[in-house]
Colleague: 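Below you will find the structure I want to go over with you.
Values reported hereafter were calculated over all heavy atoms of this structure, with side chains retained and with hydrogens, waters and symmetry mates removed. Just so it is clear, the structure is predicted and the values come from calculations on it, not from any experiment.
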Amino acid sequence: MKVAVIDYGMGNLHSVLKSVQSVSDNGADIFLTSDPDVVVKADKVIFPGQGAMPDCMRELNAHGLADAVRETTQTKPFFGICVGAQLLLEHSEEGNTPGLGIFKGEVKRFAANMTDARGERLKVPHMGWNRVFQNVAHPLFAGIEDGERFYFVHSYHFAPDDHQLTLAQSEYPDRFSCIVGRGNIFATQFHTEKSHRAGLQMMKNFLAWDGTV
């Protein structure tokens, strides 16, 4: 089995690669690639991202990878991480940036002057460990408790048009979509590679996943 981690110069590429390799127990060939043809021919695809969405979209286009992502999301088990997940939507408020349009919806900035239940101001970006509440049963949640904590670093969040695309939510302070997906696509706002046991379990589940729900 060949698992391509898309390299377009953005994101914790080596951290993602090492985390996935560390949980592989089936002899999978897991590798970084910036070659669109190699991405399309892989059995599974991981699409990481970190930084500003305009920069990520620019680099994705510069590497000729946008069409490869669109093609692989049609048929292969596909895992998006952080900005790699945000890029799947139609548009982001960050820099007024068009996305890939795999899912209908926006990427919106957290509101200014948010406060928690005690009236204390919440900082943007949302940074640190937060609970993830599962909306539906999914193979990638195997061995992960509902309400498990994952590691977030982001100022923008998913706002899909179809609420059924939201597979899980977190709170800051209101609930927001933190995992989106449909069919063979699963995409997280949080960083699985920084989320210790739960993140590694999710990546292990991805390696075993056939893309069906």
Colleague: Can you list, by chain and residue number, the hydrophobic cluster partners of Val38 when the side-chain cut-off is 4.5 Å?
Modeller: Phe31
Colleague: What is the distance from atom CD1 of Ile46 to atom CG of Leu13, rounded to the nearest 0.5 Å?
Modeller: 11.0 Å
Colleague: Could you check whether any side-chain heavy atom of Asp25 comes within less than 4.5 Å of a side-chain heavy atom of Lys204, counting everything from C-beta outward?
Modeller: yes
Colleague: Would you kindly confirm whether Val180 and Val136 end up in one hydrophobic cluster when ILVMFWY residues are joined by side chain heavy atoms under 4.5 Å apart?
Modeller: no
Colleague: Do the non-hydrogen side-chain atoms of Val83 and Gln50 ever get within less than 4.5 Å of each other?
Modeller: no
Colleague: Just so I know, are the side chains of His91 and Asn96 near enough to count as touching, which here means a heavy-atom distance under 4.5 Å?
Modeller: yes
Colleague: Looking only at atom types and distance, does a side-chain atom of Gln169 sit under 3.5 Å from a main-chain N or O of Phe176, one as donor and one as acceptor?
Modeller: no
Colleague: For a side-chain contact (heavy atoms from CB on, under 4.5 Å) check, start with the C-alpha distance between Asp55 and Arg58, then their side-chain angles and the critical distance, and finish with the verdict.
Modeller: CA-CA 5 Å; Asp55 296 337; Arg58 183 188 65 246; 3.0 Å; yes
Colleague: Counting N and O atoms only, with roles assigned by atom type, does the side chain of Asn113 sit under 3.5 Å from a partner on the main chain of Arg121, one being a donor and the other an acceptor?
Modeller: no
Colleague: Without swapping roles, check the side chain of Ser24 against the backbone of Gln21 for a donor-acceptor pair under 3.5 Å.
Modeller: no
Colleague: Taking all non-hydrogen atoms of both residues into account, name the closest pair between Thr72 and Val39 and its distance.
Modeller: CG2-O, 3.7 Å
Colleague: Rounded at 0.5 Å granularity, tell me how far CD1 in Ile179 sits from CZ in Phe190.
Modeller: 4.0 Å
Colleague: Could you tell me the separation between the CD atom of Glu59 and the OG atom of Ser34, rounded to the nearest 0.5 Å?
Modeller: 11.0 Å
Colleague: What's the separation between atom SG in Cys56 and atom CE in Met10, rounded to the nearest 0.5 Å?
Modeller: 3.5 Å
Colleague: Do you reckon Phe186 sits in the same ILVMFWY cluster as Val20, going by side-chain contacts under 4.5 Å, direct or chained?
Modeller: yes
Colleague: Under a single-linkage definition using a 4.5 Å side-chain heavy-atom cutoff for Ile, Leu, Val, Met, Phe, Trp and Tyr, are Val3 and Val40 assigned to the same hydrophobic cluster?
Modeller: no
Colleague: Between Phe79 and Lys44, is there a cation-pi geometry (under 6.0 Å to ring centre, at most 45° from the normal)?
Modeller: no
Colleague: For Lys76, does the NZ atom sit with more than 12 other heavy atoms under 6.0 Å from it, leaving out its own atoms?
Modeller: yes
Colleague: Of all the heavy-atom pairs spanning Ile102 and Ile185, show the shortest one and how long it is.
Modeller: CG2-CD1, 3.7 Å
Colleague: I'd like to check Pro77 versus Trp209 (side-chain heavy atoms, cut-off strictly below 4.5 Å). Are they in contact?
Modeller: yes
Colleague: Atom CD1 of Ile30 and atom CE of Met1: how far apart are they, to the nearest 0.5 Å?
Modeller: 6.5 Å
Colleague: Would you check if the side chain of Asn130 reaches a backbone N or O of Glu171 as a donor-acceptor pair within less than 3.5 Å?
Modeller: yes
Colleague: Write down the atom of Ala66, the atom of Leu100, and the distance for their closest heavy-atom approach.
Modeller: CB-CD2, 3.8 Å
Colleague: For Ala187 versus Ala85, what's the shortest heavy-atom pair and its separation?
Modeller: CB-CB, 3.5 Å
Colleague: If we ignore angles and hydrogens, is there a donor and acceptor under 3.5 Å between the side chains of Gln86 and Gln189?
Modeller: yes
Colleague: For Gly49 and Cys82, which heavy atoms make the closest approach, and how far apart are they?
Modeller: O-CB, 3.3 Å
Colleague: Under the criterion side-chain contact (heavy atoms from CB on, under 4.5 Å), which of Val16, Val5, Leu60 is the partner of Phe47?
Modeller: Leu60
Colleague: Which residue in the set Leu167, Asp162, Thr166 passes side-chain contact (heavy atoms from CB on, under 4.5 Å) when paired with Gln164?
Modeller: Asp162
Colleague: For residues 148-158, which side-chain N or O atoms pair as donor and acceptor with protein atoms under 3.5 Å away, sequence neighbours left out?
Modeller:
residue : atom : partner : partner atom : Å
Glu148  : OE1  : Arg197  : NH2          : 3.2
His154  : ND1  : Tyr156  : O            : 2.7
His154  : NE2  : His126  : ND1          : 2.8

Colleague: Compare every heavy atom of Ser170 with every heavy atom of Cys178, then report the nearest pair and how far apart it is.
Modeller: SG-N, 3.7 Å
Colleague: Please check if Leu65 and Leu88 belong to a single hydrophobic cluster, counting links between Ile, Leu, Val, Met, Phe, Trp and Tyr side chain heavy atoms closer than 4.5 Å.
Modeller: yes
Colleague: Ring centroids only, cut at 6.0 angstrom: are Phe110 and Tyr172 within range, meaning strictly under it?
Modeller: yes
Colleague: Tell me whether Glu93 at atom CD has more than 12 heavy atoms from other residues, nucleotides or ligands lying less than 6.0 Å away.
Modeller: yes
Colleague: Would you mind reporting whether Asn61 and Met57 have side-chain heavy atoms less than 4.5 Å apart?
Modeller: yes
Colleague: Mind checking whether Leu32 and His14 have side chains closer than 4.5 Å, heavy atoms only?
Modeller: yes
Colleague: Which value, rounded to the nearest 0.5 Å, describes the distance between Thr192 atom OG1 and Met202 atom CE?
Modeller: 8.0 Å
Colleague: Just wondering, do Asn205 and Ile144 contact through their side chains at under 4.5 Å, heavy atoms?
Modeller: yes
Colleague: Please tell me whether Leu122 and Val132 are part of a single hydrophobic cluster in this structure, the criterion being side-chain heavy atoms less than 4.5 Å apart.
Modeller: yes
Colleague: Any donor-acceptor pair under 3.5 Å linking the side-chain atoms of Thr33 with those of Asp35?
Modeller: no
Colleague: Does any N or O in the side chain of Glu94 come within less than 3.5 Å of the main-chain N or O of Met53, such that one atom is a donor and the other an acceptor?
Modeller: yes
Colleague: Measuring only between side-chain heavy atoms, which start at C-beta, is Val69 closer than 4.5 Å to Phe78?
Modeller: yes
